[in-house]
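First the structure, in the form of structure tokens, and then the observations on it.
We name chains A, B, ... by the order of the sequence lines, and we start the count at 1 in each one. Just so you know, these numbers use all the heavy atoms, side chains as well, and skip hydrogens, waters and symmetry mates.
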Protein chains: 2
Amino acid sequence: MKDLDIAEVSRRTGVPSSTLRYYEEKGLIASTGRRGLRRLFDPAVLERLALIALGRAGGFALDEISAMLMPDGLAKMDRGRLDAKADELDRTIQRLTTIREALRHAARCPAARPMECPTFRRAVRLAGAGRFEVAPIGSFKAEAVFVTRRKRKTGDIG
Amino acid sequence: MKDLDIAEVSRRTGVPSSTLRYYEEKGLIASTGRRGLRRLFDPAVLERLALIALGRAGGFALDEISAMLMPDGLAKMDRGRLDAKADELDRTIQRLTTIREALRHAARCPAARPMECPTFRRAVRLAGAGRFEVAPIGSFKAEAVFVTRRKRKTGDIG
DNA sequence: GCTTGACCTCAAGTCGGCTTGAACTCGTAG
DNA sequence: CTACGAGTTCAAGCCGACTTGAGGTCAAGC
């Protein structure tokens, strides 16, 4: 099958041509040539774009996706790294699940303030696992004890 | 208990003071006063920060969180909206789960290229449900048919 | 042959969520 | 009383993933 021109790729994928150019610039996809000025793409780019979309949906940065898409990128990515990624996703999923439950609960819980509801508090506690932890609350004297989550390259600011 | 000064809040929550000031500016938290120039906070701010962290973890924008934290914000948010949020999370969770599986599979699948593996292709297809769809692939002539996915602004999980 | 209009390039802008820098103000220790 | 250090303000910067705008080019249709 012939190469597709950028408009065609855009039409068939829903990805704006500006994005396609951007992806090309970043090395995520490659055009096979030009017709005049117009970029031409091998139809295989459609699959590649699907993979990119997949990665984005999974919360991966373009650079990471780029690495995985290199010839045998996924293959080269050792099992450890892939599993680490999967674990990362796993933790995210856990948190989101808890938050979802908290929301569903909040939707029908009669407590005046969410934090007065034990179910909600439990959700908060779970959702924060590994990030922060809300200690037992007496009547209404909250005490949130966060685990230091330094990560940003900065400490203090002037 | 006495009010906490900003450094104390920062220490106990791990949230940098620059962020605390930023949150105050955005109206997410309020300081109760000053000692000299220094902001003072009611200890309840710790709980509030926990909730904010929770919301952030759930992928909510600060503005949304802000709305939910208004006095009775959650209560005012009708069940429909809360459930909608939960559903949104649900879809995200589905996608992430599939992607996680795809990764785990890729970690040990022997296929030279991921797309040659039916399991992986299935994952791609599922992960994209509602966003794009990869049509049946004969031997190796991929054909990705995306559903138009106009509308930037979709909440990214982050 | 000329017009058209989609595509091209490059630079700059956008958005969210913060961070950082410069210049400044205090409460507190000495 | 003075110096210090940690706080303060305001404006600007940063990052990722794109989008937008201005000005230019060229294959195709008439």
Side-chain angles (χ1 to χ4, degrees), chain A residues 2-41 45 49 51-67 69 131 149-158, chain B residues 2-11 13-41 49 51-67 69 131 149-158:
Chain A
K2 314 217 160 331
D3 286 350
L4 311 169
D5 102 355
I6 191 173
E8 181 69 5
V9 174
S10 179
R11 195 185 63 68
R12 291 173 66 166
T13 61
V15 176
S17 37
S18 62
T19 303
L20 294 173
R21 281 188 287 267
Y22 176 69
Y23 282 176
E24 187 184 15
E25 192 183 314
K26 292 221 87 181
L28 281 150
I29 59 178
S31 51
T32 50
R34 303 278 180 125
R35 179 165 62 234
L37 285 183
R38 278 161 207 219
R39 283 165 178 77
L40 294 175
F41 294 95
V45 79
L49 285 168
L51 286 172
I52 294 172
L54 173 62
R56 294 284 300 121
F60 295 94
L62 291 183
D63 285 351
E64 294 177 302
I65 295 173
S66 176
L69 290 182
R131 289 172 71 112
R149 62 104 242 240
R150 290 284 66 160
K151 192 172 207 177
R152 297 267 177 200
K153 54 188 158 195
T154 303
D156 271 15
I157 20 193
Chain B
K2 311 211 162 341
D3 285 349
L4 310 170
D5 103 354
I6 192 171
E8 180 70 4
V9 174
S10 179
R11 195 185 63 68
T13 60
V15 176
S17 37
S18 61
T19 303
L20 294 173
R21 281 189 285 268
Y22 176 69
Y23 282 177
E24 187 184 15
E25 192 183 314
K26 291 219 90 181
L28 282 150
I29 60 177
S31 52
T32 51
R34 303 279 180 125
R35 179 164 61 239
L37 285 183
R38 278 162 206 222
R39 284 165 177 76
L40 294 175
F41 293 95
L49 286 168
L51 287 171
I52 292 171
L54 174 62
R56 294 285 299 123
F60 295 94
L62 290 183
D63 284 351
E64 293 177 304
I65 296 174
S66 177
L69 288 183
R131 289 171 71 113
R149 134 282 34 194
R150 286 288 54 176
K151 210 80 226 145
R152 207 85 271 299
K153 207 70 183 173
T154 30
D156 246 338
I157 49 100

*Atom-pair distance (CG on Leu20(A); C1' on dC8(C)), nearest Å*: 14 Å

_Pair Arg35(B) + Asp5(B), salt bridge at N-O below 4.0 Å_ = yes

Pick out the pairs of N or O atoms, protein on one side and nucleotides 9-12 of chain C on the other, that lie under 3.5 Å.
{"unit_1": "dT9(C)", "atom_1": "OP1", "unit_2": "Arg34(A)", "atom_2": "NH2", "d": "3.0"}
{"unit_1": "dT9(C)", "atom_1": "OP1", "unit_2": "Arg39(A)", "atom_2": "NH2", "d": "3.3"}
{"unit_1": "dT9(C)", "atom_1": "OP2", "unit_2": "Arg39(A)", "atom_2": "NH1", "d": "3.0"}
{"unit_1": "dT9(C)", "atom_1": "OP2", "unit_2": "Arg39(A)", "atom_2": "NH2", "d": "2.7"}

_Short side-chain N/O contact from Thr19(B) to OP1 or OP2 of dT19(C), under 4.0 Å_ = yes

_Test of understanding: with side-chain hydrogen bond (donor to acceptor under 3.5 Å, both in side chains), list the residues that count as partners of Ser31(B), not counting sequence neighbours._
Glu24(B)

*Mind calculating the distance between CD (Glu25(B)) and P (dA11(D)) to the nearest angstrom?*
10 Å

*Hey, is the side chain of Tyr23(B) poking within less than 4.0 Å of OP1 or OP2 on dC18(C), counting only N and O atoms?*
yes

*Report the residues that fulfil side-chain contact (heavy atoms from CB on, under 4.5 Å) with Ser10(A), sequence neighbours left out, ordered by chain and then residue number.*
Leu20(A)

*Tell me, please, which residues at least two apart from Ser18(A) pass side-chain hydrogen bond (donor to acceptor under 3.5 Å, both in side chains).*
none

*Given atom CG of Leu4(B) and atom C1' of dG7(D), what is their separation to the nearest angstrom?*
16 Å

*Residues two or more places apart in sequence or in another chain: which of them pass side-chain hydrogen bond (donor to acceptor under 3.5 Å, both in side chains) with Glu64(A)?*
Lys85(A)

*On DNA chain C, nearest-nucleotide positions of Asp63(B) versus Arg35(B): which is more 5'?*
Asp63(B)

*Check side-chain hydrogen bond (donor to acceptor under 3.5 Å, both in side chains) between Ser66(B) and all other residues, then give those that pass, not counting sequence neighbours.*
none

